Amino acid sequence: MSTDMIDAGNIVHVGRWSEMELHAQDKVQPAGAASRQSMRAFLSMLAETGDLVRIEEAVNLDYDVAACLAEADGGPALQFQDVKGSAAAALPIVGNLLNSLPRFALGMGSTTGEMQAALIAAIEQPLPHRIISTAPCQEQIISMPSLLDELPVPRFFEKEAGPYITAGAIVARDRVSGQTNLSIARLMPLGANRAFVGIAPNHHLALLARAALARGEKLDIAVCIGNHPAVLIAACLYLGFGDDELPIAGALLGEPLEVVRCTQSDLLVPAHCECVLEGTLDAGEPFVEGAVSEFHGMYENYGAGIVATFTRLTRRQDALFQVILPGYHPEHCLLGGVAIAAGLHRVVRNAVPSVREVAVGVGGAGRLHAVVALSAPRPGEARKAMFAVWAAVNLIKQVIVVDDDVDPWNPLEVERACATRSRPDRDHVVIAGVRADRSEPLERGGTITKLGVDATRREEDRDDWDPARPPAAALASARDILRRHKLI
């Protein structure tokens, strides 16, 4: 980070905050150095712990990259050095970076137990950007880029119509209102410099694009590829329309996020990302995507979406191309689940202050099932928490409420709580005909039935809820013995 003096710049009202842009003199680290705000700094951390494997064998863009990531989706991150099938084969591909909760915690400089609290604190105490005028992501500038010639975009699954850019964090800003959005959406190149952008009609990016269309304009966007985990996590948050997620990325980093203005618009993008596609989104140009993989592991067909046109590609001289394996795979599921869970925690605590943590894990595809842990819940609070979750996120179909001695991210502990603390006739709540999201795999007519399970202890069920365990002193002694034998 630059230690030069900074002075307050323009104040622009965006969503809930006044975004104070901080301008610094240029002191960008050289291309060979890795800013701690870069994806490559995170890759270095993974390499130090043996969690990054470089694949030297040649792999094809069509399906080989996806197959390797799928077969190793619970293991180390992979970096593919020799990619065939693209004119941009000189760009290595990296994937499986955030395929576990410990990786998320590492990317946030936290622990798995403290990660949700850190994310909530970042949402509530965002940091303003620091603007710099030269950045690693603008070392090379390519006008009117042919996407498939300049970027190694993989094809993932058999029934999809083409290859996809899956790790693009999209920055957009309404020219009139100043409302800003950072989000992730899939992009399917359509030839030359055009790409389909897969966003739902209620997506904030879609709202901004339609607002621009109503004025006879196209929406300026920038697709940032190869980002630090803090940027990706921020891009997945469910915030209010117009709330800017980039300052939250800075709060997660613990320092102002360094950003740079795009070369063809006033959009601000993370300075230390790998590549940026600058262009416009046209809500008046529909395109039918066809079958596409979804987080639940099956295909959906959403019909027409909208098209982006890119007039500029900027990138590092030695850029890496990041991919997120779509479909039902840990990184895709957890990117949604970790962000959704933090948002739900904030919502539920307004209704039930005793909430300790909320989990939206891989078992529910990072979207469909939530587990809420409450501390000493009073009668009726478990159901109150269920309805708060359902009101907040349409996607959540099942809510299980547990006591705070249960780790909500541990599916075995949650299942055991259901097995030993829940009576189906009393504790299961079934609500039919509730509004569903379009990506719900079983929705019919826009609705789905929802299930709530109260798996909290009741004093009237048992006289003794104490767990059967050896004494605490014996357990402490046992841990010392096992550590000496390197068994734990």
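In this text the structure is predicted, and so the values were computed from the model without any measurement. All values below come from the heavy atoms of this structure, side chains included, with hydrogens, waters and symmetry mates left out.
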Do [X] and [Y] have side-chain heavy atoms sitting under 4.5 Å apart?
X	Y	value
Val360	Val393	no
Asp51	Arg103	yes
Tyr238	Leu344	no
Gln116	Arg346	no
Leu207	Asn181	no
Leu335	Leu232	yes
Ser183	His203	yes
Pro76	Leu46	no

Which of Ile93, Asn60, Val153 passes side-chain contact (heavy atoms from CB on, under 4.5 Å) with Val65? It is Ile93
Would you say the side-chain atoms of [X] pair up with the backbone N or O of [Y], donor to acceptor, closer than 3.5 Å?
X	Y	value
His129	Ile131	no
Arg186	Phe196	no
Thr180	Gly178	yes
Asp220	Arg173	no
Glu274	Gln322	no
Gln37	Pro256	yes
Glu245	Ala235	no
Arg315	Glu150	yes
Glu285	Val307	no
Arg40	Ser35	no

Take atom CD of Glu71 as the centre, draw a 6.0 Å sphere, and report whether it contains more than 12 heavy atoms from other residues, nucleotides or ligands.
->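 Not more than 12 within 6.0 Å, no.
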Using every non-hydrogen atom in the two residues, find where [X] and [Y] come nearest and quote the distance to one decimal.
X	Y	answer
Ala66	Leu325	O-CD1, 3.9 Å
Glu258	Ile132	OE1-CD1, 4.0 Å
Ile120	Ala342	CG1-O, 3.8 Å

Does the side chain of Ser293 come under 3.5 Å of the side chain of Glu160 through a donor N or O and an acceptor N or O?
-> yes
Handout entry: No-hydrogen, no-angle side-chain donor-acceptor test under 3.5 Å, Tyr299 and Glu158
Key = no
Identified side chain to side chain donor-acceptor pair (under 3.5 Å) partner of Lys397 from the options Glu440, Glu443, His369
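Checked Glu440, Glu443, His369 against Lys397; only one passes side chain to side chain donor-acceptor pair (under 3.5 Å): Glu440.
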Q. Once the angle between the rings of His332 and Phe295 is folded into 0 to 90°, is it parallel (under 30°), tilted (30 to 60°) or perpendicular (over 60°)?
A. perpendicular
Steps toward salt bridge (charged side-chain N to carboxylate O under 4.0 Å, His left out) verdict (Asp282, Arg194): CA-CA 11 Å; Asp282 185 359; Arg194 298 170 70 251; over 6 Å; no
Distance check, rounded to the nearest 0.5 Å: [X] atom [atom1] versus [Y] atom [atom2]?
X	Y	atom1	atom2	result
Leu106	Leu101	CG	CG	12.5 Å
Leu97	Leu43	CG	CG	5.0 Å
Glu139	Thr314	CD	OG1	10.0 Å
Cys236	Leu334	SG	CG	10.5 Å

task: For the pair Thr263 and Glu278, evaluate side-chain hydrogen bond (donor to acceptor under 3.5 Å, both in side chains) and give the outcome as yes or no after the intermediate values.
output: CA-CA 8 Å; Thr263 63; Glu278 300 180 15; 2.9 Å; yes
With side chain to side chain contact (heavy atoms under 4.5 Å, CB included) as the criterion, how do Val260 and Val269 come out once you've worked through the C-alpha distance, each side chain's angles and the decisive distance to 0.1 Å? CA-CA 6 Å; Val260 67; Val269 297; 3.7 Å; yes
